[in-house]
Structures are given as structure tokens and as C-alpha cells.
Amino acid sequence: MMSLTTLSTTMAELARRLKSESRDTESVLRAISAAAVESIPHAEYASITLVEKKSSITSPVLIGDLAAASDRLQAELREGPCVTSALQADTVVIDDTRTEERWPRFCAGAADLGIRSMVCFCLYVEGDNFGALNLHSTRVDAFDDESQSIGSLFAAHAAIAFSSVREKEQIRSALTNRDIIGQAKGMLMERYSLSADDAFQLLARLSQDSNTKLSDVALQVVEAGPGS
């Protein structure tokens with residue numbers, strides 16, 4: 001079994017890779033999945049399952065054909081270990097899909113695909129949005145205690161990196177929105193001889209009356225141009 005020192009060093013290196021190589025949500029999800037297959041014993045395929053508002057199930061990143069087929073089956077049946085792991089914020093293990101009694105329809109389909117073992121780790125929970133990291137193997141009993149321990153630590157590091165990227169995206173979005181609102185204000189000030197406060201109040205009123213985000217109203221003003 002891998003020593004605690006080696007495990008800690010491995011996880012720290014993975015965390016650094018995720019933070020340095022991933023610049024957006026899709027990139028970090030792909031890095032998480034690929035690194036998991038490389039690092040966790042007996043993992044052959046991987047996927048990320050996202051459950052939004054407890055109803056929409058998507059798989060933005062898939063590593064391997066079997067992972068893609070498994071996630072499609074789960075989305076069609078709306079049951080499976082990946083969804084359960086995400087919604088219950090827990091680790092879920094299937095030792096053998098042919099004898100697993102939970103999610104009978106999914107397990108029967110997964111067994112037909114050639115999947116024997118799975119382990120799913122909760123990746124994050126944000127309001128009504130959930131994410132899980134899923135690993136698949138064609139071997140029975142592939143994910144022992146060591147694999148699960150490494151996977152749990154890896155998922156924790158990955159979740160931190162993922163959260164960091166999401167935060168950076170939100171900051172970039174906020175700065176972009178601020179710039180667009182500033183441009184729109186300037187155009188309204190010039191066109192209608194308004195003060196900065198009056199121009200902002202006009203944007204705010206248009207936003208309220210049309211039930212549209214302020215940044216979207218500002219973008220419409222900018223795209224329409226000064227002569228509109």
C-alpha cells in the first residue's frame with residue numbers, strides 16, 4: 001500500500017497541476033478526470049456528472065467510451081451511483097455490477113457494457129447544483145480501500161482547484177460586466193447629456209421595466225451603437 005508520505009506528495013503535486021494547467025471550468029474538469037485515471041489504481045475510465053437543480057443531468061467531460069456509455073445510460077434511466085454520490089455528498093462504491101442490488105436497471109445495463117466496478121466521489125455542492133467524479137473499471141472489486149482513500153483525497157484537492165477556477169471566472173465576469181455598464185453609461189451621457197448618476201439610473205430603470213439583467217441591458221446599448 002502507498003505510504004502516507006508518498007500519498008500526500010502525490011496529491012499535492014496533482015493539486016498544483018490542476019491549479020496551474022486549468023484556466024476555466026471545462027479545463028479543470030478535464031484535468032480532474034484525466035489525472036484521476038492516471039493516479040488511482042485500477043481506474044480505466046472516468047467522467048464528471050453534474051446535477052443541476054436536482055433534475056438536469058449532464059456529463060461535460062468523459063474519458064473513454066465506456067464512461068460515455070455509462071453516463072448516457074444513467075441520464076436515460078435517471079438513476080445510478082454517480083447521481084446518488086452527487087446528491088448525497090458521499091462516496092459510492094460498486095464492487096460488481098452483476099451482483100449489485102442498488103440501481104438494478106442501471107447496473108444491468110452497465111454490466112452489459114462490460115463495466116464491473118465503479119467508485120463515485122462527491123466533487124462539490126453549490127446550492128442546487130452538484131458534481132461527482134466517477135471512475136470505472138472492467139475488473140471486479142477494482143477499487144479497494146487504498147483506491148478509495150486516494151480517490152477521496154484527490155477529489156478533495158480537485159474540488160478546491162475547481163472552486164478556485166469558478167471563483168476566478170465569476171470575478172472575470174463581474175469585471176467584464178462592470179466595463180460594459182461603464183461603456184453604456186458613457187454612451188447615454190453623451191447622447192442625452194446626462195450625468196453619470198442619471199445615466200446609471202436610466203439603465204437601472206430599463207432593467208427593471210424589462211425584467212432584464214442590468215449587464216444585459218448595458219450590452220444591448222453598447223451593441224446598438226451611439227446612433228441608436
Side-chain angles (χ1 to χ4, degrees), residues 18 22 25-144 147-159 161-163 165-166:
L18 289 172
S22 304
T25 302
E26 182 177 352
S27 295
V28 76
L29 290 175
R30 185 166 298 280
I32 289 168
S33 302
V37 171
E38 294 174 3
S39 307
I40 298 177
H42 311 309
E44 300 173 55
Y45 309 93
S47 67
I48 297 289
T49 297
L50 302 182
V51 183
E52 298 180 335
K53 301 186 184 302
K54 298 184 179 181
S55 59
S56 174
I57 302 173
T58 59
S59 303
V61 174
L62 300 161
I63 306 297
D65 293 341
L66 279 186
S70 174
D71 275 37
R72 281 197 302 269
L73 178 63
Q74 184 172 232
E76 291 172 3
L77 299 176
R78 306 193 69 77
E79 70 166 31
C82 309
V83 174
T84 298
S85 177
L87 292 179
Q88 295 184 2
D90 198 7
T91 298
V92 176
V93 181
I94 294 178
D95 293 322
D96 189 344
T97 55
R98 297 170 299 181
T99 58
E100 175 62 60
E101 296 180 354
R102 298 170 293 178
W103 320 288
R105 293 184 298 161
F106 169 80
C107 286
D112 289 341
L113 292 171
I115 298 171
R116 294 292 178 261
S117 303
M118 292 181 63
V119 60
C120 309
F121 304 95
C122 180
L123 194 58
Y124 73 94
V125 177
E126 293 181 352
D128 289 334
N129 300 325
F130 306 82
L133 167 65
N134 319 302
L135 304 176
H136 314 71
S137 177
T138 58
R139 297 176 48 171
V140 173
D141 296 320
F143 302 108
D144 57 12
S147 296
Q148 293 175 43
S149 296
I150 296 174
S152 295
L153 288 175
F154 176 80
H157 280 279
F162 177 70
S163 177
V165 171
R166 289 286 292 270

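The shown structure was predicted, so the numbers you read here are calculated from the model rather than taken from an experiment.
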Legend entry - Ile48 vs Leu123 side-chain heavy atoms within contact, under 4.5 Å: yes

Inset, instruction - Determine the minimum heavy-atom distance between Ser137 and Ala142, stating which atoms define it. - result: OG-CB, 3.3 Å

Inset, instruction - Look up atom CZ in Arg78 and atom CG in Leu73, then write down how far apart they are to the nearest 0.5 Å. - result: 13.0 Å

Legend entry - Glu44 vs Thr138, side-chain contact (heavy atoms from CB on, under 4.5 Å): CA-CA, chis, key distance, verdict: CA-CA 8 Å; Glu44 300 173 55; Thr138 58; 2.9 Å; yes

Legend entry - Nearest heavy atoms of Gly151 and Ile40, plus distance in Å: CA-CD1, 3.5 Å

Inset, instruction - Would you tell me whether Thr91 and Gln148 have side-chain atoms, one donor and one acceptor, within less than 3.5 Å of each other? - result: no

Legend entry - Exam field: side chain Ser117 to backbone Asp95, donor-acceptor pair closer than 3.5 Å: yes

Legend entry - Gln74 backbone acceptor or donor facing Glu79 side chain under 3.5 Å: no

Inset, instruction - Check for a donor-acceptor pair, side chain of Ser39 on one end and backbone N or O of Ala35 on the other, with a separation under 3.5 Å. - result: yes

Legend entry - Side chain proximity check, Ile63 to Tyr45, heavy atoms < 4.5 angstrom: no

Legend entry - Closest heavy-atom pair and its distance - His136, Asp71: NE2-OD1, 4.2 Å

Inset, instruction - Looking only at non-hydrogen atoms, find the nearest pair between Val140 and Arg116 and report the distance. - result: N-CB, 3.8 Å

Legend entry - Min side-chain heavy-atom separation Met118-Glu100 under 4.5 Å: no

Legend entry - Sidechain-backbone polar pair: Thr49 side chain, Ala132 backbone, donor-acceptor under 3.5 Å: no

Inset, instruction - Compare every heavy atom of Phe121 with every heavy atom of Ser147, then report the nearest pair and how far apart it is. - result: O-CZ, 4.4 Å

Inset, instruction - First locate atom CH2 of Trp103, then atom OG1 of Thr97, and finally report the distance between them rounded to the nearest 0.5 Å. - result: 11.5 Å

Legend entry - Sub-4.5 Å side-chain heavy-atom contact between Val92 and Val119: no

Inset, instruction - Output the distance between atom CZ (Arg98) and atom CD1 (Ile115), rounded to the nearest 0.5 Å. - result: 13.0 Å

Inset, instruction - Measure the spacing between CZ of Phe130 and CG of Leu50 and express it to the nearest 0.5 Å. - result: 12.0 Å

Inset, instruction - Going by the side-chain hydrogen bond (donor to acceptor under 3.5 Å, both in side chains) test, name the single residue among Ser70, Ser59, Ser47, Ser33 that passes it with Asn134. - result: Ser47

Legend entry - Heavy-atom side-chain contact between Phe143 and Leu135 under 4.5 Å: yes

Inset, instruction - Taking all non-hydrogen atoms of both residues into account, name the closest pair between Ile94 and Cys107 and its distance. - result: CD1-SG, 4.0 Å

Legend entry - Pairwise distance CZ(Arg72) to CG(Leu62) - rounded to 0.5 angstrom: 8.0 Å

Inset, instruction - Could you check if a side-chain atom of Leu133 sits within less than 4.5 angstrom of a side-chain atom of Cys120, using non-hydrogen atoms only? - result: no

